[in-house]
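As structure tokens, the structure follows; a few thoughts come after it.
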Amino acid sequence: MIKIYHNPRCSKSRQGVQVLENSGKEFQIIKYLENLPSEKELTSIINLLGITPIQLVRKTEKTWKEEFKGKELTDIEIVKAMIENPKLIERPIVINNKKAVIGRPPENILSII
């Protein structure tokens, strides 16, 4: 089953849902601000994406700028920061079996569905 980690307030995330709806495939929406991923789950997502934790951080978010920018953080500390402040997680994230993409731009989603 395809999963999309979605923030309804984000236009790119809404566009990602639209791409999936237009595909005609079944998918599950996970509102990650309400259903926070565990450290293990977020680490697994990062591994599927084939990126480092810092690459999943929204560095323009106020929380990042005020609390974390310029600090030397380990990957584990970055993952914990995203769990404690889920708005820091880039979105949308779409997972299809063992493939995952960040839907920025939303057309990226087409590569795994």
Side-chain angles (χ1 to χ4, degrees):
M1 162 90 51
I2 298 170
K3 295 180 187 177
I4 182 168
Y5 287 80
H6 175 58
N7 177 350
R9 297 190 64 180
C10 172
S11 64
K12 296 294 183 201
S13 197
R14 291 191 304 271
Q15 289 172 16
V17 169
Q18 189 66 50
V19 167
L20 290 173
E21 286 174 347
N22 292 343
S23 77
K25 298 184 186 276
E26 286 188 36
F27 63 96
Q28 175 187 9
I29 294 175
I30 300 168
K31 294 181 181 176
Y32 68 91
L33 295 178
E34 298 169 14
N35 300 305
L36 301 175
S38 67
E39 184 176 338
K40 183 178 178 183
E41 183 180 6
L42 188 56
T43 300
S44 175
I45 291 167
I46 291 165
N47 289 335
L48 279 176
L49 288 166
I51 61 174
T52 61
I54 193 66
Q55 292 174 288
L56 192 59
V57 172
R58 294 178 54 84
K59 295 169 203 74
T60 57
E61 286 290 331
K62 183 179 177 183
T63 303
W64 181 261
K65 290 178 183 178
E66 292 177 354
E67 296 183 33
F68 304 102
K69 186 178 179 179
K71 293 183 179 178
E72 292 225 7
L73 302 171
T74 66
D75 286 351
I76 292 170
E77 290 170 328
I78 293 168
V79 169
K80 287 183 178 180
M82 286 189 281
I83 291 167
E84 292 169 8
N85 305 278
K87 285 186 178 182
L88 295 177
I89 301 171
E90 188 62 80
R91 69 245 179 187
I93 301 167
V94 178
I95 299 174
N96 187 5
N97 293 315
K98 299 287 182 195
K99 299 177 192 169
V101 294
I102 298 172
R104 284 183 174 270
E107 296 77 30
N108 287 351
I109 297 166
L110 297 172
S111 70
I112 66 164
I113 59 173

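- Annotation: K59, atom NZ; neighbour count of heavy atoms from other residues, nucleotides and ligands within 6.0 Å is above 12.
- Side-chain atoms of E21 and Q18, non-hydrogen and from C-beta on, do get closer than 4.5 Å to each other.
- For the atom pair CD1 (I102) and CD (Q55), the distance works out to 8.0 Å, reported to the nearest 0.5 Å.
- Side-chain contact between V19 and V94: absent, with no pair of heavy atoms (C-beta onward) separated by less than 4.5 Å.
- Linking Ile, Leu, Val, Met, Phe, Trp and Tyr whenever their side-chain heavy atoms come within less than 4.5 Å puts W64 and I51 in one cluster.
- A pairwise comparison of heavy atoms in I113 and S23 identifies CD1-CB, 3.5 Å as the closest pair.
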* Could you check I95 against Y5 for side chain to side chain contact (heavy atoms under 4.5 Å, CB included), going step by step and ending with a plain yes or no? => CA-CA 8 Å; I95 299 174; Y5 287 80; 3.8 Å; yes

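- Panel note: side chain N35, backbone I30; no donor-acceptor pair is recorded below 3.5 Å.
- Nearest heavy atom pair, residue G16 against residue P92, reads CA-CG, 4.4 Å.
- I4 is not listed as a side-chain neighbour of R91, based on a closest heavy-atom distance of 4.5 Å or more.
- Closest non-hydrogen pair, P8 versus R14, comes out as O-NH1, 2.9 Å.
- A donor-acceptor contact shorter than 3.5 Å links the side chain of N7 to the backbone of R9.
- Considering all non-hydrogen atoms of both residues, M82 and L88 come closest at CG-CB, 4.2 Å.
- Residue I76 qualifies as open at atom CD1: its count of foreign heavy atoms under 6.0 Å is 12 or below.
- The hydrophobic cluster containing I112 does not contain L48, counting ILVMFWY residues as joined when their side-chain heavy atoms lie under 4.5 angstrom apart, directly or transitively.
- Side chains of E41 and Y32: a donor-acceptor N/O pair is absent below 3.5 angstrom, by distance only.
- Side-chain contact between H6 and L20 is absent, with no heavy atoms from C-beta onward closer than 4.5 Å.
- E77 CD to I54 CD1: the interatomic distance, rounded to the nearest 0.5 Å, is 11.0 Å.
- Of all the heavy atoms in L36 and L33, the pair that sits closest is CD2-O, 3.8 Å.
- Cluster annotation: L110 and I93 are assigned to distinct hydrophobic clusters (Ile/Leu/Val/Met/Phe/Trp/Tyr, side-chain heavy-atom contacts under 4.5 Å, transitive).
- Residues F68 and V57 fail the side-chain proximity criterion, which asks for heavy atoms closer than 4.5 Å.
- At a threshold of 4.5 Å between non-hydrogen side-chain atoms, the residues T63 and K87 do not count as touching.
- Distance CZ/R58 to CZ/R104: 5.0 Å, rounded to 0.5 Å.
- With S44 contributing its side chain and K40 its backbone, the two residues share no donor-acceptor pair below 3.5 Å.
- Residues N96 and F27 are not in side-chain contact: their nearest non-hydrogen atoms beyond the backbone lie 4.5 Å or more apart.
- There is no path of hydrophobic side-chain contacts, each under 4.5 Å, that joins L56 to I109.
- With D75 contributing its side chain and P53 its backbone, the two residues share no donor-acceptor pair below 3.5 Å.
- To the nearest 0.5 Å, the span separating CD on E90 from CD on E61 amounts to 9.0 Å.
- The nearest pair of heavy atoms linking V101 to S111 is CG1-OG, 3.8 Å.
- Between the CD atom of E84 and the CD atom of E39 there is a distance of 9.5 Å, given to the nearest 0.5 Å.
- Side-chain contact between L42 and I89 is present, with at least one heavy-atom pair separated by less than 4.5 Å.
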